[in-house]
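Just below is one structure, and these are the notes that go with it.
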Amino acid sequence: MLSEQEIVRRESLQAIRDLGINPFPAEKFEVNFKTTDFTTADLHKNMEADIEKIKGIGKVGAAKVVEFLAKNRFKVDNVLADEEFMKSVGLTETIEWDSGVDRPSTTLAEYIPTLRTDFLGDYGGDDGKELLFAGRIMENRTSFLNIQDAYGRVQIYLKKKEFVIEGLEEGAEKLFQKQLHLGDYLGLRGKMFVTQTGEVTVKVSHLKFLAKSLRNLPIVKKDKDGNVYDAFTDPELRYRQRYVDLTVNPHVKEIFLKRVKLMNVMRNYFNDQGWLEVETPILQPIHGGAAARPFKTHHNTLDMPLYMRIANELYLKRLIVGGFDGVYEFGKMFRNEGMDRTHNPEFTAMEIYVAYKDYIWMMEMVETLLEKIAQEVTGSTTVGYDGKEINFAGPYLRMTMFESIKKYTDIDVSKMNEEELRGVCKQFHIEVDNSMGKGKLIDEIFGEKVEANLIQPTYITDYPIEMTPLAKKHRTSEGLVERFELFINGKEIANAYSELNDPIDQRGRFEDQLELAKRGDDEAMVLDEDFLRALEYGMPPTSGLGIGIDRLTMMMTNQKSIQEVLFFPQMKAETVVEKEEETTE
RNA sequence: CACCCCGUAGCUCAACUGGCUAGAGUAGCGGUCUUUUAAACCGCGGGUUAUGGGUUCGAGUCCCAUCGGGGUAACCA
């Protein structure tokens with residue numbers, strides 16, 4: 001069933017056709033202007049700058065003129081009518097221009113009416129630039145329409161009988177204009193001017209209809225005090241119809257632009273170092289490289305099971321074996337786990353491996369990188385998140401895992417055996433089961449007692465060997481590996497190792513994992529013979545790092561839900577309303 | 001899977017303790033008018049209250065089930 005408004009749109013579509021206009025033309029529409037090329041804000045800026053140049057009324061007077069005009073929304077008539085104001089700032093005096101400024105001698109009072117056009121620069125006046133641009137109607141006040149393109153909005157003015165509608169016979173303008181609806185796409189040609197109220201506006205000389213919208217966009221309105229009306233906020237609708245969300249909520253688009261920027265900053269930085277962006281398999285016969293439950297699928301021709309990757313680590317290391325000294329990949333990972341505000345079944349990780357480096361070098365690299373990202377994405381190295389100020393300028397605090405537990409629980413677990421660790425867990429009411437080994441128990445204590453305290457960027461280093469089968473044994477501390485995780489606001493953001501490149505040690509670690517699997521750990525790692533073969537040929541000492549791009553984006557855009565930084569977060573299937581069967585006559 | 005909250009017009013929201021024909025604004029339609037601006041003014045349409053049952057003289061409101069969303073918890077990054 002179509003709603004009343006949908007029927008109106010379809011009738012309008014037909015009406016446009018009846019007027020001889022194709023509502024979905026095939027040919028391109030050439031554009032030479034973006035709505036952000038010149039804005040009302042630019043007008044204000046130019047105005048202030050130019051008035052500063054005016055001599056004779058002095059700086060105080062100039063400031064007053066600007067203030068007055070702004071307060072009157074650039075209604076110059078108001079200024080001229082206010083005699084008291086005119087006198088107070090000396091508006092009747094002749095203006096003496098700076099030597100560099102080419103203007104006729106005049107009084108400010110005579111000059112002010114020309115200001116609005118003047119401040120448009122190349123865009124102003126009858127000989128101003130002819131603008132070609134396209135977008136969709138977001139507000140419609142009959143002769144004033146707001147047009148939105150990919151960058152922003154600009155107001156257009158359709159003055160009766162002063163513009164041509166492509167393909168339309170003369171005299172039918174009014175009929176046509178009635179068929180314009182919110183969301184319709186228009187191609188426009190015109191010149192810029194400034195209205196009495198100080199709005200930068202394009203006076204249209206030529207209009208071409210580009211596409212019809214058959215559904216009603218939920219237009220969000222804002223008054224001059226910034227109050228928002230009819231905000232499109234229902235999360236379900238926003239995520240399911242992201243195209244609508246992006247159209248009517250500019251702040252949403254902003255998040256995704258920042259996400260792209262963040263990834264590009266990383267990409268550029270890595271490329272500058274000569275590291276190589278690569279792609280590795282998403283469908284894997286063995287789901288290695290991390291501890292998580294996979295999605296399983298099946299290949300028909302090969303008649304074999306395949307898994308969606310839970311990590312790409314083992315493939316990237318194979319490439320280091322192959323002789324590249326730096327490889328990185330931005331890739332989707334798939335984990336068959338729960339969903340909440342920080343977890344989506346598919347998520348994006350950036351993994352990088354650099355030969356001849358260690359995890360200490362990697363900490364320094366990450367500090368440099370994150371500081372750069374914060375600066376370029378948010379404009380500052382301090383970023384507000386969840387009401388806190390996160391400082392991304394390095395160096396970051398470093399603590400070993402044992403030190404951090406000692407700090408927040410006053411218990412030294414470094415020398416404890418499995419039984420003693422279980423005792424500590426019991427003391428803190430942490431649930432444990434038999435499948436948990438020493439490493440997992442320590443991780444539980446850490447997760448329960450330490451994590452939440454790590455607000456500012458903090459490296460936790462040197463993890464127990466049992467929970468990290470792919471990292472190299474610590475150079476000095478027995479029973480630990482060279483690993484760090486970066487925590488920000490109590491959440492893990494990055495994970496890195498000095499990579500294990502001793503194939504015999506690696507085989508042993510995999511076997512320990514099999515042991516854990518036997519005890520019931522369904523996330524223990526699987527042994528990958530081909531990966532071991534690669535290590536046996538020889539892998540150089542290497543440091544590797546993984547960063548959760550979604551979570552980092554959340555940090556940089558102050559979002560509390562992962563769904564806000566994914567274009568299309570995973571959702572349950574939308575219930576399809578069964579169409580009523582047509583009654584046969 | 002467990003617990004809590006929510007689902008009313010295209011959109012944002014009302015509707016008291018279960019009680020009159022489920023109301024506003026916006027969007028839409030018909031006018032007037034416009035260098036206007038969440039334009040304004042006059043008039044008019046628009047609803048199986050998520051879906052299916054039940055209790056009741058009477059259900060948007062109470063009960064049960066289902067679907068969808070949000071939150072907490074668990075898992076995980």
Side-chain angles (χ1 to χ4, degrees), chain A residues 1-9 11-12 40 73-77 116 138-146 153 155-160 178 181-183 193-201 203 213-241 244 248-249 290-293 310-311 333-351 431 443 447 485-487 491-495 522-523 546-552 554 560-563 569 571-578 580:
Chain A
M1 266 292 279
L2 294 175
S3 73
E4 183 201 14
Q5 299 199 34
E6 287 172 318
I7 293 166
V8 167
R9 296 289 178 110
E11 285 169 357
S12 166
T40 303
R73 313 198 73 199
F74 289 83
K75 278 193 174 152
V76 291
D77 292 347
R116 296 196 317 248
M138 298 303 278
E139 275 183 71
N140 187 351
R141 292 187 291 277
T142 318
S143 42
F144 287 95
L145 293 84
N146 268 18
R153 291 186 189 184
Q155 176 168 278
I156 63 166
Y157 181 43
L158 300 178
K159 192 167 171 66
K160 268 181 205 163
K178 286 176 98 126
H181 285 107
L182 295 179
F193 74 106
V194 182
T195 65
Q196 285 291 344
T197 51
E199 181 82 22
V200 170
T201 303
K203 186 171 174 185
S213 165
L214 291 182
R215 281 177 186 260
N216 213 4
L217 282 172
I219 296 294
V220 180
K221 296 205 165 194
K222 211 186 263 184
D223 68 18
K224 55 174 171 277
D225 299 326
N227 300 315
V228 177
Y229 299 82
D230 302 333
F232 183 65
T233 52
D234 181 345
E236 179 173 6
L237 284 174
R238 286 184 47 233
Y239 302 151
R240 287 197 195 281
Q241 304 184 30
V244 174
V248 304
N249 288 329
R293 287 189 292 268
I310 56 173
M333 306 300 153
F334 306 84
R335 297 190 183 174
N336 210 340
E337 312 270 5
M339 294 165 58
D340 61 25
R341 47 159 49 173
T342 54
H343 296 87
N344 194 64
E346 56 182 286
F347 65 99
T348 303
M350 193 295 302
E351 294 255 341
E431 274 187 46
D443 194 37
E485 289 190 305
L486 175 62
F487 286 86
K491 288 275 175 196
E492 183 198 333
I493 291 291
N495 182 19
D522 59 353
E523 288 175 344
I547 293 186
I549 295 296
D550 312 294
R551 289 189 177 177
L552 188 58
M554 287 165 67
K560 272 139 221 84
S561 157
I562 196 169
Q563 296 170 311
M571 305 203 68
K572 283 196 190 177
E574 196 172 0
T575 39
V576 183
V577 182
E578 275 185 49
E580 285 177 44

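Order of the sequence lines sets the chain letters (A, B, ...), proteins ahead of strands, with each chain counted from 1.
The two residues Phe347(A) and Asp550(A) have their closest heavy-atom pair at CB-OD2, 3.2 Å. Across Ala292(A) and Arg335(A), no two heavy atoms sit closer than the pair CB-CD, 3.5 Å. Nearest heavy-atom pair across Met554(A) and Arg341(A) is CE-O, 3.9 Å. Closest approach of Asn140(A) and Leu182(A) over heavy atoms only: N-CD2, 3.9 Å. Across all non-hydrogen atoms, the minimal contact from Thr40(A) to Glu199(A) is OG1-OE2, 3.9 Å. The nearest pair of heavy atoms linking Gly546(A) to Glu351(A) is CA-OE2, 3.9 Å.
One can place CG of Asn249(A) at 11 Å from P of U12(B), the figure rounded to the nearest angstrom. Distance Leu2(A) CG to G10(B) C1': 12 Å, rounded to the nearest Å. Rounded to an integer number of Å, the gap from CD of Glu351(A) to P of A77(B) is 12 Å. Look at CD1 on Ile562(A): it is 12 Å from P on A77(B), rounded to the nearest Å. Distance Leu145(A) CG to U35(B) C1': 14 Å, rounded to the nearest Å. Atom CD1 of Ile7(A) and atom P of G10(B) are 11 Å apart (whole Å). Between Glu492(A) atom CD and C75(B) atom P the separation is 15 Å, expressed in whole Å. When rounded to the nearest whole Å, the span between CE of Met339(A) and P of C1(B) equals 13 Å.
Side-chain to base pairing of Glu139(A) with U37(B): no donor and acceptor N or O lie closer than 3.5 Å to each other. Side-chain atoms of Asp550(A) and base atoms of A77(B) include no donor and acceptor less than 3.5 Å apart. The base of U36(B) sits with one of its N or O atoms less than 3.5 Å from a complementary donor or acceptor on the side chain of Gln155(A).
Remark: Phe193(A) CZ to Gln155(A) CD distance equals 7.5 Å, nearest 0.5 Å. Between the CG atom of Leu214(A) and the CD1 atom of Ile7(A) there is a distance of 12.0 Å, given to the nearest 0.5 Å. In this structure, the separation between CE on Met350(A) and CG on Leu552(A) is 9.5 Å, given to the nearest 0.5 Å.
Of the candidates U37(B), A77(B), G69(B), the closest approach to any side-chain atom of Glu199(A) belongs to U37(B). Here the side chain of Arg341(A) is nearest to one of G71(B), G10(B), A38(B), namely G71(B). Closest to the Thr195(A) side chain, of the nucleotides U37(B), C11(B), A77(B), is U37(B).
Checking the phosphate oxygens (OP1, OP2) of G68(B), no side-chain nitrogen or oxygen of Arg240(A) falls inside 4.0 Å. At the phosphate of G68(B), OP1 or OP2 sits under 4.0 Å from a side-chain N or O atom of Lys572(A).
Rounded to a whole angstrom, the distance from the C1' atom of A59(B) to that of C64(B) is 15 Å. One P atom belongs to G7(B), the other to U49(B), and the distance between them is 14 Å to the nearest Å. The same atom, C1', is picked in C20(B) and in U66(B); the two are 33 Å apart, to the nearest Å. Rounded to a whole angstrom, the distance from the P atom of C5(B) to that of C44(B) is 42 Å. Spacing of C1' atoms, A74(B) relative to C6(B), comes out at 23 Å, to the nearest Å. For the P atoms, the distance linking C75(B) with G19(B) amounts to 46 Å, nearest Å. Rounded to whole Å, the separation between the P atoms of C42(B) and A27(B) comes to 15 Å. For the C1' atom pair drawn from G46(B) and G30(B), the interatomic distance equals 15 Å after rounding to whole Å.
Around NZ of Lys560(A), the count of heavy atoms belonging to other residues, nucleotides or ligands within 6.0 Å exceeds 12. Counted within 6.0 Å of CZ on Arg153(A), heavy atoms from surrounding residues, nucleotides or ligands total more than 12; the atom is thus considered enclosed.
Residue Asp234(A) is classed as a sugar-phosphate contact, given heavy-atom separations below 4.0 Å to backbone atoms only. Residue-level contact check: Ala292(A) touches neither bases nor backbone, having no heavy atom under 4.0 Å from any strand. Residue Asn344(A) is classed as a base contact, given a heavy-atom separation below 4.0 Å to a base. Among the heavy atoms of the strands lying under 4.0 Å from Gly338(A) is at least one base atom, whether or not backbone atoms are also near. If you check every strand for non-hydrogen atoms under 4.0 Å, Glu346(A) touches nothing. Met571(A) comes within 4.0 angstrom of the backbone, heavy atoms only, and of no base.
When the side-chain hydrogen bond (donor to acceptor under 3.5 Å, both in side chains) test is applied to Glu11(A), no partner is found at least two apart in sequence or on another chain.
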Handout entry: Intra- and interstrand pairs of RNA chain B - dot-bracket, Watson-Crick/G-U under 3.5 Å, | marks other strand
Key = .((((((..((((.....[...)))).(((((.......))))).....(((((..]....))))))))))).....

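Across the interface with RNA chain B, nearest-nucleotide mapping of Tyr239(A) and Thr233(A) shows Thr233(A) to be the residue nearer the 5′ end. Comparing Leu237(A) and Lys203(A), the nucleotide of RNA chain B nearest to each residue sits closer to the 5' end for Leu237(A).
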Provide a list of protein-nucleic acid N or O atom pairs under 3.5 angstrom, restricted to nucleotides 23-34 of chain B.
| unit_1 | atom_1 | unit_2 | atom_2 | d |
| --- | --- | --- | --- | --- |
| G25(B) | N2 | Asp230(A) | OD1 | 2.5 |
| G25(B) | N2 | Asp230(A) | OD2 | 3.3 |
| U26(B) | O2' | Asp230(A) | OD2 | 3.2 |
| A27(B) | OP1 | Lys221(A) | NZ | 2.8 |
| A27(B) | O2' | Asn216(A) | OD1 | 3.0 |
| A27(B) | O2' | Asn216(A) | ND2 | 2.7 |
| A27(B) | N3 | Gln5(A) | NE2 | 2.8 |
| G28(B) | O4' | Gln5(A) | OE1 | 3.3 |
| C29(B) | OP1 | His181(A) | NE2 | 2.7 |
| G31(B) | OP1 | Lys178(A) | NZ | 3.3 |
| G31(B) | OP2 | Lys178(A) | NZ | 2.7 |
| U34(B) | N3 | Ser143(A) | OG | 3.3 |

